[in-house]
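Working notes for the structure below.
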Amino acid sequence: MAIYSTATLSGVGTDCRALRYRFWLCVFTLILLSATSKYVLAGIAETVAEEIRYEATLPNNSPVGRPLPLAASWNTGVRPNALDPDYQLAMIEKGHFLLPWFQLDMPKGRKDVKNSSIYYQNALTRSGELGLPISFISTQWERPLSDDAHYLTLPRALNPNVIKADGSVAPMVSPFGPVQPWTDVGYQWTAASVVRRLQNWYPNPPLVVFVSNNEHPKLKWQDADLDVRYLTFNNSKTDEAKRKGAGQGWIDRYRALQAGMRSGLRNSAWKQNAIFVGYNAFGGLAFGRWGRWIDYSLAITERIEPWPLAWDGASPSFYVHDWDNSTDFTAMSPLIGSMNWVFMLEDAYRLNPNFWLELSVWDGHRPRSKTSKRAYYARLGQSYSPDRYAGMVKFGMWLLRPRVIREFRFPEETRNAINPYFSELIRAVDNVHHDPVLKEFWRNGILLPNKKRKHPYQEHIPAEYAMKDRWFLLDTDLDPKRPWSLSTEIPVFTLALEKGVAPDREWLIVIHSPLGDRADVEVTVPGYGGVRVSAAPKGSYYHLYEVDGKIEIVGRL
């Protein structure tokens, strides 16, 4: 048995009390830090949500300039470990600028999202607490018109599909059929019980963006007289008349479809704040690329496309496709083709000043497919990294300055597979919000055309569009010799935005080199002259001052 003196026992007691004090002090500190961090995170979420709401509801022609961009995806997270709504809200809580998106499944007799309360309720409730705008991704809204036997078997006068001369019905919608079925189908979408629950969970959203993938089979304009009702609609068989007649027919029917969707909403805030956006409801990348581009267009003398009158917005595909020869480093690329969209967007704003432009982006990756663009690049001895993807996305962003950049990924792709690439898109969007130089140029910069050169796509350009600015790629000392073919490799993609007046102008140079770093590249800025900068796959921003020629890199996160 140990024998302790009174002094020793007293010391042990004092040490134990000190240890207990320190233990409880640590516990209290951890609790306080945990509570504080929750308040800090809540404060970040509320601040970011306020900015998201502000930008999403800002008019295109606001006094402060263009609305800043938001990030989103076509992957709705209905499969496990993907980009589900809870993940999206967690990203906003961390300070990222996302427009939340949800799956909206087919109505009437088809299954809704499994466990819809789990999928929707928590995220919608939290969105409501933060006052966030929201969006819903769907298949084609008009799809039941051709899938549902009820509509397919309707008599000629009531059938929304193509009626052939022999009386048979082709399961594709027609711009010359009756309008009422479109309204009826639209109503079915939003009168569904699941949509009523959505409105209850979030009764006062500032904006609800309904997005259709808009790929339902439609009667092509050149086949207009395949539908026997065309001649009763218009007795002219000229190409211009067919394009004009089909265009007006789609305007009437898609607006009827959307009116039906709006009428099916019970909540007044949803009715008032809903807009309807169509994937690829816009001009194509192939304008001028080959002689038959007009076969895929409804261009007429009065307008390049009817879609700004048929939809509240569009999400055109800035895609490197896995099924064609497009790449991110040749003239057959979305970076070159989308330069046509600049004048088309001006026309869209003329027809519809509130037109909502998104940009759907995709790098051509198809999981486990030999046609995937990543596999194609590997066969060329190239590597495809998130940095290279980031550079392509940034170029498209700054060329068009859309309201949303919405990435395409297949439903089966998991978050772990998507995140290295999607996080670069988010970073590019966040950068515009955080960097004051980028923010100012996004809002008020003027995109500079390169009038010394012509766009390489020059096939069958209609006279009314021949003088439109269509070339924005700046000259560099690395440019290949002209003329360019579709397979011409372009080492550096660069454009510039300008603000101010001489002699105190400023420029933002956006530069991207998909196949590797390029040092000391000479870029010619229209109205200024040559400057030397570096280029990288990830893309860089340079801020140039006219007054003293100073140039500095900006926008690093």
Side-chain angles (χ1 to χ4, degrees), residues 140 142-143 145-146 151-183 185 214-258 278-311 314 316 340 343-344 347-348 350-352 457-468:
Q140 311 92 22
E142 69 272 34
R143 182 173 162 184
L145 295 176
S146 302
Y151 293 103
L152 273 174
T153 57
L154 286 172
R156 167 176 165 169
L158 302 177
N159 200 306
N161 295 283
V162 172
I163 307 295
K164 298 182 179 180
D166 62 2
S168 63
V169 179
M172 65 175 72
V173 290
S174 170
F176 312 116
V179 173
Q180 187 59 45
W182 293 73
T183 305
V185 164
N214 190 35
E215 292 185 312
H216 188 70
K218 302 178 181 68
L219 180 66
K220 296 178 180 179
W221 68 262
Q222 60 267 44
D223 299 327
D225 45 13
L226 182 65
D227 189 327
V228 295
R229 293 166 299 191
Y230 170 66
L231 291 181
T232 64
F233 182 88
N234 189 328
N235 61 9
S236 173
K237 290 192 174 184
T238 66
D239 287 353
E240 176 86 359
K242 288 181 179 180
R243 289 195 297 271
K244 186 172 184 178
Q248 187 59 53
W250 295 131
I251 291 169
D252 296 340
R253 282 150 188 80
Y254 279 101
R255 284 305 187 188
L257 177 72
Q258 295 155 32
Y279 168 69
N280 269 348
F282 204 69
L285 289 171
F287 179 90
R289 192 173 70 202
W290 64 314
R292 293 188 59 192
W293 68 265
I294 192 69
D295 291 352
Y296 300 88
S297 171
L298 290 168
I300 58 174
T301 304
E302 293 86 358
R303 60 176 183 245
I304 184 63
E305 292 288 347
W307 305 122
L309 297 174
W311 296 83
N340 289 310
F343 89 87
M344 294 181 190
D347 197 53
R350 176 182 64 83
L351 297 171
N352 181 358
Y457 300 177
Q458 291 293 332
E459 295 289 329
H460 291 200
I461 304 299
E464 57 267 31
Y465 306 119
M467 300 306 294
K468 297 288 187 182

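Using a distance-only test at 3.5 Å, with no hydrogens or angles considered, a donor-acceptor pair links the side chain of Asn352 to the main chain of Pro308.
Look at Asp227 and Arg229 and you find a salt bridge, because one of the NZ, NE, NH1 or NH2 atoms lies within 4.0 Å of a carboxylate O, short of that distance. The existence of a salt bridge linking Asp347 and Arg350 is confirmed by a sub-4.0 Å separation between a basic side-chain nitrogen and an acidic carboxylate oxygen.
Expressed to the nearest 0.5 Å, how far CZ of Arg292 lies from NE2 of His460 amounts to 11.5 Å. With rounding to the nearest 0.5 Å, the separation of CD in Gln258 from CH2 in Trp311 is 5.5 Å.
For the pair Val173 and Val162, the tightest heavy-atom approach, listed with the atom from each and the gap, is O-CG2, 4.3 Å. Contact record, Leu298 with Glu305: N-OE1, 3.3 Å, taken as the closest heavy-atom pair. The minimum heavy-atom distance between Asn161 and Val169, with the atom names listed, is CB-CG1, 3.7 Å. The nearest pair of heavy atoms linking Trp221 to Ala246 is CB-CB, 4.1 Å.
Using the six-membered ring where Trp is involved, Phe287 and Trp293 have ring planes that are tilted, between 30° and 60° apart.
Between Gln140 and Glu215 the shortest side-chain heavy-atom distance falls below 4.5 Å.
In this structure, Trp307 has its ring center at least 6.0 angstrom away from the ring center of Phe282.
Heavy-atom contacts from other residues, nucleotides or ligands closer than 6.0 Å to NZ of Lys244 number 12 or fewer.
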